[in-house]
Amino acid sequence: MGSHVQILEGLQGALQPQGFEVYLFQVGWYNDILEPSFHLSYPPDTLAFVVLSAPSMFEKSFKPFLAQHKLHNLRDPIDQCVAHHMGLVKERFPQRKIDIIYDYELHPNRRPKVLMQTAAHVSGAAYYYQRKDVEQDPWGQRMFGVCVHPKYGGWFAIRAVLVFSEVQIPRLEQTPPIDCVPAQEDRIRLLENFNFNWRDGKYREVVAVEERYSVEQTLYFSTPPAERRKLLDLWGQVHPSPPC
């Protein structure tokens, strides 16, 4: 059994029960389809993983985290929860050097440290539909791409990339993502819903999904980030501060 399989199984054992999914890729797969300014600075055969949160993460990880930990006021609660679980992952691999890059991290020039949707695509986690995937482009403006998961549609989030910087796997077979929106008219509708009407969430339902966000979870994520702490207080979900 290769070291990458052992690492993948260890990550899955730690994260899947918490509502996360893990997919492996080589840094070179990611770098090969991007401009040099977006490259990750590791050898091309370096082992990395994409971490997604499935709809179940809200109940399996987020609510228990809120009940057991005091929140830091200046950080998003979901980000704190994800960071907590990534910290537990590092503890599980004490002999490995793991660089964790979160979805919200930026370079000083405001460029994302990782293009998460590209990483999800090359890992086979979710298909990244972009303007170039539409044969007859009907738009005269910039259009952002969006990932679609074969089980969750758009009801998921890409949370982090884990780079095992000292693990190189020279011959690793790449698993392509499932093209679950093959029809051109459906791709057009997907991109238009995502770019023009993303708040209504219709783009998330472009495929028949097996699991989606609960009403409570949808309300949480549709609430502006600055107001989410108040919502959690209203729900009584926040761990109380210890008495002085």
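No salt bridge links D103 with K113; every basic N to acidic carboxylate O contact stays at or beyond 4.0 Å. For the pair D99 and K97, the salt-bridge criterion is met [side-chain N within less than 4.0 Å of a carboxylate O].
When side chains are defined from C-beta on, L52 does not count as touching M116, because their heavy atoms never get closer than 4.5 Å. When side chains are defined from C-beta on, H149 does not count as touching I178, because their heavy atoms never get closer than 4.5 Å. N31 has its side chain out of reach of W29: every pair of non-hydrogen atoms, C-beta onward, lies at least 4.5 Å apart.
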Between R189 and E192, does the salt bridge (Lys or Arg N to Asp or Glu O under 4.0 Å) criterion hold? Intermediate values first, please.
CA-CA 5 Å; R189 185 170 67 253; E192 289 183 345; over 6 Å; no
Can you check salt bridge (Lys or Arg N to Asp or Glu O under 4.0 Å) on D179 and R187, steps first, answer last?
CA-CA 11 Å; D179 180 5; R187 293 181 180 182; 2.7 Å; yes
Would Y30 and V114 count as a side chain to side chain contact (heavy atoms under 4.5 Å, CB included) if you check the C-alpha gap in whole Å, the side-chain angles of each, and the deciding distance to 0.1 Å?
CA-CA 10 Å; Y30 173 90; V114 172; 3.9 Å; yes
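Aromatic pair Y127/Y129: ring centres closer than 6.0 Å. Between F93 and F164, the ring center distance clears the sub-6.0 Å criterion. Taking the six-membered ring wherever Trp is involved, the centroid distance between the rings of F62 and Y220 falls below 6.0 Å.
Across W155, Y152, F58, a single residue satisfies ring pair (Phe, Tyr, Trp, His ring centres under 6.0 Å) together with Y213, and that is W155.
Between M57 atom CE and H85 atom NE2 the span is 8.5 Å, to the nearest 0.5 Å.
A cation-pi arrangement, defined by a distance under 6.0 Å to the six-membered ring centre and an angle within 45 degrees of its axis, is absent between R159 and Y102.
Other residues, nucleotides and ligands contribute over 12 non-hydrogen atoms within 6.0 Å of the CZ atom of R111.
For the residue pair E205/Y203, the side-chain donor-acceptor check at 3.5 Å is not satisfied.
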